[in-house]
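Down below is the structure, laid out as structure tokens.
Read the numbers this way: they start at 1 and go in the same order the structure lists the ligands and their atoms.
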Amino acid sequence: MFTLGCHLSSAKGYLRMAQDAASIGANTFQFFTRNPRGGRAKRIDPADVAAFAAFAESHGIARILAHAPYTLNPASDKQQTREFALMVLGEDLARMEETPHQMYNMHPGSAVGQPAEAAIAKIADALNASLQVGQTTTLLLETMAGKGSEVGGTFEELAAIIDRVDLDGHVGVCFDTCHVWDAGYDIVGDLDGVLREFDHAIGLGRLKAIHLNDSMNPCGSHKDRHARIGEGQIGIDALSAVTNHPKLRDLPFYLETPNPALSGYAEEIAALRKARA
Ligand code: FE
Ligand code: FE
Ligand code: ZN
């Protein structure tokens, strides 16, 4: 099964996202839990969730992925910023249980002036305060480009966070191809080697989702500028090698490529499905 979708607007609710996904040949999707720059989350409508569940069932839509707002920074040395992160994490994880057994992805955080170790400890503290024994949602930490003082630009940093989390059975990793490439991992020249490094540092069993993006910049640039599939420096051959890799092919893939309209995603999805072996 090739589980492939893209980032969609959540403004019109879950059913509409599932319908949008189905209309462009996708069988999963990603969405923001709230405004990506923060702000309040909209109330979840139980009727919308029920209609979504029925539509998803009949259209084979699985493993949807929520994305936390970018402003979340549990690593901050400012107490107010950490408290905001705890509030959002608590609220979002509770909301996720209204659509059980899905995934919630977050950027680990930024150290801004602190040593990486201190930032890593604060992120783990926030996860320990937020994860619940009985939750059905898997929280994913995203691999980052290493822009500025971002935590998670190396596999070792993600491993160091997970090592400190008590309920680590609820924690996985989302592998963003643009970010990993920008962070300096050569997925074009040596995908197997990068996956070996991931396995050594984190364990491939933790890998639960892929953000499939091309990159505007060269490997190691630490820029984080996404490009459409085949229009960047990674290229469609390397990206379809990711979707076809025996260790990755059964994971869900989510496009986060710059497309002003759904038709752009539809083209990329068609091209990737055609290149699927
Ligand atoms: Fe992200
Ligand atoms: Fe991403
Ligand atoms: Zn990015």
Exercise. Quick one: is the NZ or CZ of Arg273 closer than 6.0 Å to the six-membered ring centre of Phe2, and within 45° of its axis?
Worked result: yes

Exercise. Restricting to N, O or S atoms of Asp224, which is nearest to the Zn ion (ligand 3)?
Worked result: OD1

Problem set entry | Minimum-distance N/O/S atom that Glu256 presents toward the Fe ion (ligand 2) | OE1

Seminar exercise, completed: Of all N, O or S atoms in His211, the one closest to the Fe ion (ligand 2) is ND1

Seminar exercise, completed: Rounded to 10°, the NE2/His107 to the Fe ion (ligand 1) to NE2/His67 angle comes out at 100°

Exercise. Parallel, tilted or perpendicular: which fits the ring planes of Tyr14 and Phe52, with parallel below 30° and perpendicular above 60°?
Worked result: tilted

Problem set entry | Geometric class of the Phe55/His59 ring pair [parallel <30°, tilted 30-60°, perpendicular >60°] | parallel

Exercise. Run the ring-ring contact (aromatic ring centres under 6.0 Å, His included) check on Phe175 and Tyr185 step by step: do they pass?
Worked result: CA-CA 11 Å; Phe175 183 104; Tyr185 294 100; 8.0 Å; no

Exercise. Got a sec: is His211 within less than 2.8 Å of the Zn ion (ligand 3) via an N/O/S atom?
Worked result: no

Exercise. Between atom CG of Leu72 and atom OG1 of Thr81, what is the distance when rounded to the nearest 0.5 Å?
Worked result: 10.5 Å

Exercise. Between His67 and His211, what is the ring plane arrangement, given parallel below 30°, perpendicular above 60°, and tilted in between?
Worked result: parallel

Exercise. N/O/S of Glu142 less than 2.8 Å from the Fe ion (ligand 1)?
Worked result: yes

Seminar exercise, completed: Looking at His226, the N/O/S atom that lies nearest to the Zn ion (ligand 3) is called NE2

Seminar exercise, completed: Among N, O or S atoms, Asp176 approaches the Fe ion (ligand 2) most closely through OD2

